Amino acid sequence: MAPKRPAGAGAFPKPVATPAPTTLDPVATYAALDLGTNSCRMLVAQPKGSQFHVVDSFSKSVQLGAGLEASGRLSRSSMARTVQALKICKSKFQKHRVQRMKLVATEACRRARNARDFIRFVRRETGLRLDIIEPEEEARLAVVSCAPLVSVRTEQLLVVDIGGGSTELVWIDLSRVPAAERPRSIMRLHKGFDYSEDLFPRARVVDWISVPLGVATLKDQFSDVEDDSGRFALMSWYFEEQLAEFSPYAHEQAREGFQIIGTSGTVTTVAASHLGLRRYDRTKVDGLRMSSDQIDAVIRGYLDLGEAGRRADPRIGKDRQSLIMSGSAILQALMRVWPTDRLSVADRGLREGLLYAQMSSDGVLEDGPF
């Protein structure tokens, strides 16, 4: 299966402007919802300085894409599960009197033949309006969310977002941006990867790609392979094959000044396992730097446990147990390909990017708008 790319590989997305309200409220409540192939995730937040303060959150494994690989359609049961989760989200929006919201659906809805019917079903049952976003916007928002984790020493940056149905990779050149401005230049990418209509130093997007393989879809591809270790090796090899069109794949990069940031449930689960957390703690995981040896040790430990052992491992969590090996196969392929022995772990992603984009467009962040 070839990676999904827009016409003209590496073409950049057009910026999507969010209409600003007539009166900007510096303490307005915002919401962002990310409906993926496997999970429904939501945040409610208020601007606070140049960041935001999370007021409420919700995350549920709804498995919207269950059976999609075989049928090309969203099933009735998966749609019903998802609507129930969205009703909980709506009640939280009402509780916190959310004034501005952006609710998006990604790969499962991009691929499903009955996606438009599902969007109408959601609207009828919950009153919520979901937007199906393109891979370009998904990649851009994931990058923006990781801006606070970008080191001032980073000259070449790879941001990887491993989702349920797709994996987005964005390669960014920061070498011409003054060191102190590098995180902020990443934040400004919410205007578009090719946006250049300002006087600020600009991060240059070398290339990006959306591979239509995530933890759920890659698992489904190799579900007929019974041997655990053999299945893992095949998944990792197969994912690496999909990177051939990604231009940095074919060019050796200097190790100095290179940073990979990984954002996904897989990356945070591997980090939690490395730390031995029996109860997940975001403050210990977000921003953690792991060496490739540490990542390999965790993955080897997963393989040694076997399927039964992973199901019983409290560090992995019930929602992640069936998907951790496909995610680990993707992560191992990435660490094998690029010249670094360090990975920055990001417990952040599309939801945070959506919040930053809305708040920046509204001018309610200090030091903004970015």
Side-chain angles (χ1 to χ4, degrees), residues 50-51 54 139 141-163 167-175 177-187 189 203 206 215 236 239 243 248 252-302 313 315-317 320 324 327-353 356:
S50 59
Q51 304 289 320
V54 174
L141 291 167
V143 168
V144 168
S145 75
C146 293
L149 300 182
V150 176
S151 168
V152 295
R153 296 188 296 275
T154 296
E155 296 192 350
Q156 302 295 322
L157 173 68
L158 176 65
V159 177
V160 181
D161 182 15
I162 306 172
T167 299
E168 280 67 46
L169 296 89
V170 184
W171 193 288
I172 302 166
D173 181 358
L174 294 165
S175 60
V177 179
E181 279 290 312
R182 286 171 184 172
R184 193 170 304 190
S185 71
I186 297 294
M187 185 76 78
L189 290 174
V206 178
V215 294
S236 189
F239 182 84
L243 301 177
E252 187 172 344
Q253 302 292 328
R255 184 178 293 263
E256 189 69 24
F258 175 72
Q259 182 181 10
I260 294 182
I261 298 178
T263 170
S264 71
T266 293
V267 176
T268 57
T269 300
V270 168
S273 294
H274 165 66
L275 294 172
L277 301 180
R278 299 178 69 85
R279 184 178 179 84
Y280 187 78
D281 185 343
R282 183 183 187 274
T283 62
K284 293 180 179 179
V285 170
D286 187 49
L288 177 72
R289 295 184 70 200
M290 291 187 68
S291 70
S292 53
D293 287 345
Q294 289 169 336
I295 292 169
D296 284 342
V298 171
I299 294 174
R300 283 197 306 272
Y302 289 159
D313 191 331
R315 302 170 304 164
I316 297 175
R320 187 61 46 182
I324 190 59
S328 295
I330 294 172
L331 182 57
Q332 190 178 74
L334 296 170
M335 297 301 289
R336 184 170 62 238
V337 168
W338 278 291
T340 182
D341 55 6
R342 292 282 172 181
L343 172 80
S344 298
V345 178
D347 185 350
R348 54 187 71 211
L350 188 50
R351 294 173 301 169
E352 288 83 358
Y356 279 129

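The structure displayed is predicted, hence computed values, not measured ones. Atom set for the values below is all heavy atoms of this structure, side chains included, hydrogens, waters and symmetry mates excluded.
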Review point. What side chain to side chain donor-acceptor pair (under 3.5 Å) pairs are there with at least one residue in residues 260-271, not counting sequence neighbours?
Key: none
Review point. Taking the side chain as C-beta and beyond, is there a heavy-atom pair between L343 and L334 under 4.5 Å?
Key: no
Check your understanding: Does L157 reach the side chain of R182, with side-chain heavy atoms less than 4.5 Å apart?
Key -> no
Exercise for review: Taking all heavy atoms of T167 and all of G163, pick out the closest pair and write down the distance.
Suggested key: OG1-N, 4.3 Å
Exercise for review: Go through the steps for R348 and R282 under the test side-chain contact (heavy atoms from CB on, under 4.5 Å), then give the verdict.
Suggested key: CA-CA 10 Å; R348 54 187 71 211; R282 183 183 187 274; 4.0 Å; yes
Revision key, fill the gap. CZ (R315) and CZ (R278) are apart, to the nearest 0.5 Å, by 9.0 Å
Practice item. For residues L189 and I172, determine if any side-chain heavy atom of one lies less than 4.5 Å from a side-chain heavy atom of the other. Key: yes
Point to revise | Gap separating the CZ atom of R342 from the CD1 atom of I261, nearest 0.5 angstrom | key: 14.5 Å
Review point. Just wondering, more than 12 heavy atoms not from R153 lying within 6.0 Å of its CZ?
Key: no
Review point. Under 3.5 Å, side chain of E168 to main-chain N/O of V143, donor-acceptor pair present?
Key: no
**Study point:** Separation of D296 CG from Q332 CD (nearest 0.5 Å)
**Key:** 5.5 Å
**Study point:** Derivation of the side chain to side chain donor-acceptor pair (under 3.5 Å) call for S291 and D293
**Key:** CA-CA 5 Å; S291 70; D293 287 345; 5.2 Å; no
Review point. Can you find a pair of side-chain heavy atoms, one from V285 and one from L277, that are under 4.5 Å apart?
Key: yes
Exercise for review: Please confirm whether the backbone N or O of G353 pairs with a side-chain atom of S145, one donor and one acceptor, at under 3.5 Å?
Suggested key: no
**Study point:** Validation row: L158, F258 side chains within 4.5 angstrom (heavy atoms)
**Key:** yes
Practice item. Kindly say whether A329 contributes a backbone atom to a donor-acceptor pair with the side chain of S236 at under 3.5 angstrom? Key: yes
Check your understanding: Are any of the side-chain heavy atoms of V144 and M187 separated by less than 4.5 Å?
Key -> yes
Point to revise | Heavy-atom closest contact (A142 atom, D161 atom, distance) | key: CB-OD2, 3.7 Å
Check your understanding: Between S328 and I299, what is the shortest heavy-atom contact and its length?
Key -> O-CD1, 3.8 Å
Practice item. Could you grab the distance from atom CD of Q294 to atom CG of L288, nearest 0.5 Å is fine? Key: 7.5 Å
Point to revise | Atom of A333, atom of F239 and distance for their closest heavy-atom approach | key: CB-CD2, 4.1 Å
Check your understanding: How long is the span from the SG atom in C146 to the CD1 atom in I260, to the nearest 0.5 Å?
Key -> 12.5 Å
Check your understanding: Does D173 reach the side chain of Q156, with side-chain heavy atoms less than 4.5 Å apart?
Key -> yes
Point to revise | For the student: nearest non-hydrogen atoms of V298 and M290, plus distance | key: CG2-CE, 4.5 Å
Exercise for review: Could you tell me the separation between the CG atom of D281 and the CG atom of D286, rounded to the nearest 0.5 Å?
Suggested key: 10.5 Å
Review point. Taking the side chain as C-beta and beyond, is there a heavy-atom pair between V150 and V159 under 4.5 Å?
Key: no
Point to revise | Any pair counted as salt bridge (Lys or Arg N to Asp or Glu O under 4.0 Å), so long as it reaches residues 329-338, sequence neighbours left out | key: E240-R336
